[in-house]
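So the structure is just underneath, and the comments pick up after that.
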Amino acid sequence: MKDDRMSAEATTRTRELAPQYDAAAIEGPIYREWLARGVFTPDGRSTAQPFVIVIPPPNVTAVLHMGHGLNNSVQDVLIRFERMRGRDALWVPGTDHAGIATQNVVEKLLAREGKTRFDLGREEFIRRAEAFVAETGTTILEQLKAIGCSCDWSRTAYTLSPALSRAVREVFVRLFEEGLIYRGHRVIHWCPRCHTSLSDEEAEHHETDGHLYHIRYPLTDGSGYVTVATTRPETLLGDVAVAVNPGDEAKRPLVGRTVRLPLAEVEIPVIADEAVELGFGSGFLKITPAHDANDFEVARRHGLPMPVVMNAEARMADESLDGRAGGRVPEGLFGMDRFEAREVILAMLRERGLLAKVEPYRLAIRRCYRCDTVVEPRLSDQWFVRMGSFAERALAAYRSGEVRFIPERRGDEFEQWLLNIRDWNISRQLWWGHRIPVWYCDSCLTHAAYREDPSACGKCGGPLRQDEDVLDTWFSSWLWPFSTLGWPDDTPDLRRYYPTDVLVTAPEILFFWVARMIFAGQHFMGRVPFHTVYLHGTVRDTQHRKMSKSLGNGIDPLDVVRLYGADALRFTVISSLAVGTDIILDPNDLATSFASGRNFANKLWNIGRLVIGEAEARGHRGTDSPAAGLKLEDRWILSKLDRVIRDTTRHLERFRLNDASGAPYHFLWDDFADWYLECIKPRLRGEEEGGDVALAVAVHCFSETLKLLHPVMPFITEALYTRLPGNEGRTLTTGPWPEPAGREDPAAEQEFAFFQAVVSATRETRASFGVKPSQLVRISVQADGSRFDQLSRQQRQIMWLARVSELSSEVRGAGVTVPLPDGATLHVELGEATDVAKHCERLRAEHQRLSKQLQSLRAKLENPGFVSKAPEQVVAAERAKAVDWEAKLAHLESLMRGLGCG
RNA sequence: GGGCGAAUAGCUCAGCUGGUCCAGAGCGCCUGCCUUACACGCAGGAAGUCGGGGGUUCGAAUCCCUCUUCGCCCACCA
């Protein structure tokens with residue numbers, strides 16, 4: 001219907017461009033075009049400085065969520081910006097085999113068939129997992145394409161690929177040879193559900209309500225008992241001593257005596273050790289070396305045995321590793337789950353009168369980061385990486401500024417972690433992953449790490465067997481910045497693109513991954529892998545809960561893409577991404593959550609319809625700015641354009657992404673669309689000279705702004721840019737990035753501001769007196785001669801923008817007069833029926849506000865402290881302001897007197 | 001337990017080195033408008049003692065202290 005009213009020439013084109021932006025129809029073809037042109041793949045011949053980002057590889061089993069959406073949008077903004085600036089931009093994509101996560105998924109699938117991995121056996125299980133990955137492993141990468149990610153897909157990497165596996169193996173062998181990898185016998189975090197040990201980082205702390213149980217251990221000589229306090233009574237069966245602090249005078253006499261361990265009925269000594277905190281609990285600490293890392297250290301100091309009383313499933317068992325302390329677990333408890341056993345044990349103790357007291361207690365337990373099961377500290381043999389030297393070098397790099405964090409405070413967390421680092425448990429009792437390249441010889445009882453699978457023992461020629469375990473997933477991820485570029489070979493990619501530039505990720509994996517990449521980069525490449533770590537916030541729901549599958553409060557980015565387009569999604573998250581803050585979205589109201597992006601995309605589209613339609617109608621081609629024949633509004637918008645180019649560039653360079661998207665947004669909407677395009681309509685219609693110049697300026701500004709927005713909204717900007725006449729077949733992806741062209745024009749901005757004030761004051765007056773838009777009014781402006789002359793050159797614009805039939809310099813009919821800046825006034829003819837009382841009310845309010853402000857300003861200027869201590873410029877500016885306000889106030893007063901307002 | 005951050009309009013948040021951004025944006029709300037790019041829009045408007053208290057300063061949302069409330073990271077006191 002609307003189209004019917006359009007002029008003939010505009011109609012031809014705007015019929016093609018629908019009034020509502022249809023992202024779904026636009027995005028797919030554009031992405032395919034980019035791929036076809038190969039714009040994301042560096043050609044290898046560029047002489048430009050490289051700019052490189054490696055993707056935080058999503059798990060192969062992962063499905064895109066808003067966290068990925070945010071993370072990858074940020075990376076894409078940065079890489080597109082630098083690509084447009086002419087850097088040799090490379091974004092390396094890929095996936096992580098995700099040991100535990102993937103194994104869990106495949107095991108779940110097997111469970112549906114009623115099978116366990118043990119039913120299949122190792123080889124068959126791995127075959128199944130590989131088949132699963134082959135089938136679904138590229139899903140998430142395809143999804144990244146839907147949100148516009150400009151990765152170089154020809155370099156897609158995978159942590160378990162042959163190439164990257166070779167890097168992993170090389171690293172293991174080197175560290176092994178350097179003595180930085182060792183076999184350790186100690187208490188580690190064990191996940192009874194995943195059946196594997198975990199690193200410290202993988203066992204997450206969670207505060208929980210629990211109990212502190214006070215249990216009596218009878219003295220062997222029958223002279224009484226000692227009371228220990230524990231949160232985990234089920235581990236009592238593994239106790240080998242009771243310890244007191246050596247400085248505890250009251251309890252010291254007991255040291256050297258023995259107590260009978262309840263239920264297990266073995267005799268254990270009372271010892272003295274510093275590990276016991278004075279004043280905590282009962283002062284007696286039970287020592288359970290196999291199920292508590294502290295107790296392990298105590299036992300080692302005292303040469304005590306270390307019986308294990310829980311098996312891999314955390315069921316009560318007796319697996320004494322040293323064979324000295326068998327038969328501790330009573331028959332009835334054997335095979336029982338640890339938490340069930342806890343209750344049974346408590347009941348037994350109670351029955352025997354050995355449970356002295358139970359009090360509520362808040363404790364931090366650790367849970368498996370993959371399955372949330374409470375981890376069991378458990379004595380075992382694992383492979384560890386010695387972290388000391390790594391941490392030292394990383395700390396030096398951080399302190400020297402070789403690597404920096406955004407936001408800065410994350411650097412403090414990094415430093416703290418480095419200072420308290422402990423060795424890294426890298427072996428996992430899983431099947432899915434890089435198998436540890438260590439072979440044991442049972443003949444000569446030696447073991448060694450091999451780069452190639454060995455056939456016989458290097459020392460004695462005897463048969464070998466390989467270590468059963470696989471490596472921690474992060475043991476491959478930490479090599480990502482160079483393993484993806486071909487290391488350990490000396491490849492052209494590696495020479496050209498290492499080190500990378502920026503790493504963009506969520507703060508959660510700062511230690512898991514970022515810190516360790518720095519370690520590996522320094523150790524194997526001699527340089528930190530990136531100079532900047534940009535840590536963005538977390539996506540949360542309106543209750544500020546992290547979006548997660550289990551809470552069901554997630555948003556599927558593809559839903560958003562389908563509904564509003566990838567650009568709307570990207571703009572929404574980027575524009576609310578202030579440094580260091582989280583993003584809050586409402587999963588139950590996508591329309592509201594993504595309104596700003598959707599609305600802006602639509603606005604862009606419609607600006608495009610206007611500009612493109614006019615350009616076509618006039619046969620205008622090209623995007624250059626005209627040099628001659630500029631009117632005030634042209635000079636003004638070009639001045640603003642220069643500023644927005646400068647600001648956007650600076651914001652992007654400083655990672656202020658919300659500002660980087662906000663600057664062109666406000667320029668385009670508030671300045672360009674609301675003022676400039678409206679201003680030039682009389683010229684475009686031929687009511688005034690200069691239509692072609694105006695259009696050329698409009699096309700130029702629009703085209704430049706599309707470039708500024710391209711990193712954030714790649715699809716719609718590309719779509720509109722290539723539709724500008726003369727741009728067919730071009731692409732924004734490779735730039736050039738706009739540069740300021742010396743067009744800042746303070747005089748034009750000042751003059752235009754006066755013009756805006758006239759228009760606004762007229763509109764305001766009309767609105768407050770209820771004048772219908774269809775009714776034109778006559779206005780007059782009282783200002784000094786040159787000012788009025790300037791203004792009258794904008795006569796057509798004022799008539800159009802403020803619905804005015806005539807602009808003059810003298811008051812001719814009844815109406816109201818309102819103040820303008822710089823002592824000028826505006827008179828709007830409203831006829832005899834003007835509601836004077838209402839107008840007085842407005843003026844009075846204005847008068848009151850202004851006089852209050854002036855009062856405090858005068859006080860300030862009369863303050864000797866201010867005048868003497870404030871910078872001269874500030875004082876002068878305040879003085880000028882006072883003069884201006886006084887004039888305005890006097891003016892208001894005369895207006896009020898004239899109306900008889902009183 | 002240690003370290004850190006945040007509290008600004010109904011909601012979600014900007015406000016970079018203390019004074020022309022002592023008050024901003026988006027959404028929501030109120031009043032007019034389908035003005036031949038856009039109702040996912042246009043014009044106009046209401047709305048906040050910048051968490052409480054104290055201090056530094058000529059001057060603080062902006063710096064310091066303290067209290068309150070949230071949040072994050074780290075943690076071998078059972």
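Everything numeric here is computed off the predicted structure, so don't read it as measured data. So that the names make sense, note that chain A is the first sequence line, chain B the second, and so on, each numbered from 1.
Within the structure, a side-chain polar atom (N or O) of A/K772 is placed less than 4.0 Å from OP1 or OP2 of B/C33. The phosphate of B/C42 has OP1 or OP2 within less than 4.0 Å of a side-chain N or O from A/W669.
Within 4.0 Å of A/R362, counting heavy atoms only, lies no atom of the nucleic acid at all. The residue A/S596 sits close only to the backbone: its heavy atoms come under 4.0 Å of sugar-phosphate atoms, none of a base. The residue A/A578 sits close only to the backbone: its heavy atoms come under 4.0 Å of sugar-phosphate atoms, none of a base. A/R656 comes within 4.0 angstrom of sugar-phosphate atoms only, judged by non-hydrogen atoms across all strands, and of no base. In this structure, A/N863 reaches the sugar-phosphate backbone alone: every heavy-atom distance under 4.0 Å involves primed, P, OP1 or OP2 atoms, never a base. Residue contacts for A/L285: at a heavy-atom cut-off of 4.0 Å it reaches a base atom on one of the strands shown. Across all strands shown, A/E678 has heavy atoms under 4.0 Å from base atoms, whether or not it also approaches the sugar-phosphate. Among the atoms of the strands shown, none is found under 4.0 Å from any heavy atom of A/K286. Residue A/F672 is out of contact with every strand shown, counting any heavy-atom pair closer than 4.0 Å. Within 4.0 Å (heavy atoms only), A/F511 reaches sugar-phosphate atoms of the nucleic acid but no base atom. Looking at heavy-atom distances under 4.0 Å, A/V276 makes contact with a base. At a threshold of 4.0 angstrom between heavy atoms, the contacts of A/A591 with the nucleic acid are absent. Looking at heavy-atom distances under 4.0 Å, A/K681 makes contact with a base. Counting any heavy atom pair closer than 4.0 Å across all strands shown, A/N420 reaches no nucleic acid atom.
Counting only heavy atoms from C-beta on, A/R598 has its side chain closest to B/C40 among B/C40, B/A25, B/A43. Between B/A43, B/G44, B/A14, one nucleotide has an atom nearer to the side chain of A/D659 than all others, and that is B/A14. Checking B/C40, B/G44, B/A14 against the side-chain heavy atoms of A/N599 singles out B/C40 as nearest. Of all nucleotides listed (B/A75, B/U12, B/C73), B/A75 comes nearest to the side chain of A/A364. Comparing B/A78, B/C38, B/C13 by their nearest atom to the side chain of A/E277 picks out B/A78. Proximity note for A/K860 (side chain, C-beta onward) versus B/C38, B/G44, B/G19: the nearest is B/G19. Side-chain atoms of A/E207 lie closest to B/A75 of the nucleotides B/C16, B/C27, B/A75. Taking the side chain of A/P773 as heavy atoms from C-beta on, and the options B/A75, B/C33, B/C72, the nearest nucleotide is B/C33. Side-chain proximity of A/Y361 to B/G32, B/G45, B/A78: nearest is B/A78. Of the listed nucleotides (B/A14, B/C38, B/A25), B/C38 has the atom at the smallest distance from the side chain of A/N602.
To the nearest angstrom, P of B/C73 lies 11 Å from CZ of A/F512. Nucleotide B/G26 holds its P atom 12 Å from the NZ atom of A/K603, rounded to whole Å. One can place OH of A/Y665 at 11 Å from P of B/A25, the figure rounded to the nearest angstrom. A/L563 has its CG atom 15 Å from the P atom of B/C40, to the nearest Å. A/W417 places its CH2 atom 20 Å from the P atom of B/C4, with the value rounded to the nearest Å. Following rounding to the nearest Å, A/E359 (CD) and B/C77 (C1') show an atom-to-atom distance of 13 Å. Between the CD1 atom of A/I583 and the C1' atom of B/G26 there is a distance of 13 Å, given to the nearest Å. Between the C1' atom of B/G3 and the CG atom of A/L419 lies a distance of 12 Å, rounded to the nearest Å.
Applying ring-ring contact (aromatic ring centres under 6.0 Å, His included) to A/W669 and the options A/F672, A/F667, A/Y665 leaves one that passes, A/Y665.
Figure legend. B/A23 is base-paired to no nucleotide; pairs are counted as Watson-Crick or G-U wobble with both atom distances under 3.5 Å. Look at B/A75: it lacks any Watson-Crick or wobble partner with both distances under 3.5 angstrom. Pairing partner, B/A46: none, since no Watson-Crick or wobble contact has both distances short of 3.5 Å. Base pairing analysis places B/U36 opposite nothing; no Watson-Crick or G-U wobble pair with both distances below 3.5 Å involves it. Look at B/G18: it lacks any Watson-Crick or wobble partner with both distances under 3.5 angstrom. Searching all strands for a Watson-Crick or G-U wobble partner of B/C70 with both distances below 3.5 Å returns B/G5.
A donor and an acceptor atom, one from each side chain of A/E202 and A/Y369, are located under 3.5 Å apart. Between A/H666 and A/D671, the side chains place no donor N or O within less than 3.5 Å of an acceptor N or O (distance only, hydrogens not considered). For the residue pair A/K286 / A/T235, a side-chain donor-acceptor distance below 3.5 Å is found, with atom types taken as modelled.
One C1' atom belongs to B/C67, the other to B/C21, and the distance between them is 31 Å to the nearest Å. Comparing the P positions of B/U36 and B/C42 gives a spacing of 14 Å, expressed to the nearest Å. Between B/U56 and B/G71, the distance separating the two P atoms is 35 Å to the nearest Å. Comparing the C1' positions of B/U8 and B/G26 gives an interatomic distance of 15 Å, to the nearest angstrom.
Map A/A767 and A/R232 each onto its nearest nucleotide of RNA chain B; the residue landing nearer the 5' end is A/A767. Along RNA chain B, the nucleotide closest to A/R540 and the one closest to A/Q416 are compared, and the more 5′ of them pairs with A/Q416.
The aromatic rings of A/Y21 and A/W605 sit tilted relative to each other, their planes meeting at an angle between 30° and 60°.
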Open item on the list: Walk me through whether A/L657 and A/H651 qualify under side chain to side chain contact (heavy atoms under 4.5 Å, CB included).
Closed with: CA-CA 7 Å; A/L657 301 189; A/H651 293 319; over 6 Å; no
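In this structure, A/E359 places its CD atom where more than 12 heavy-atom neighbours from other residues, nucleotides or ligands lie under 6.0 Å away. Crowding of A/Q750 atom CD: a count of heavy atoms from other residues, nucleotides or ligands under 6.0 Å not exceeding 12.
Here the side chain of A/T208 pairs a donor or acceptor atom with the backbone of A/H206 at under 3.5 angstrom.
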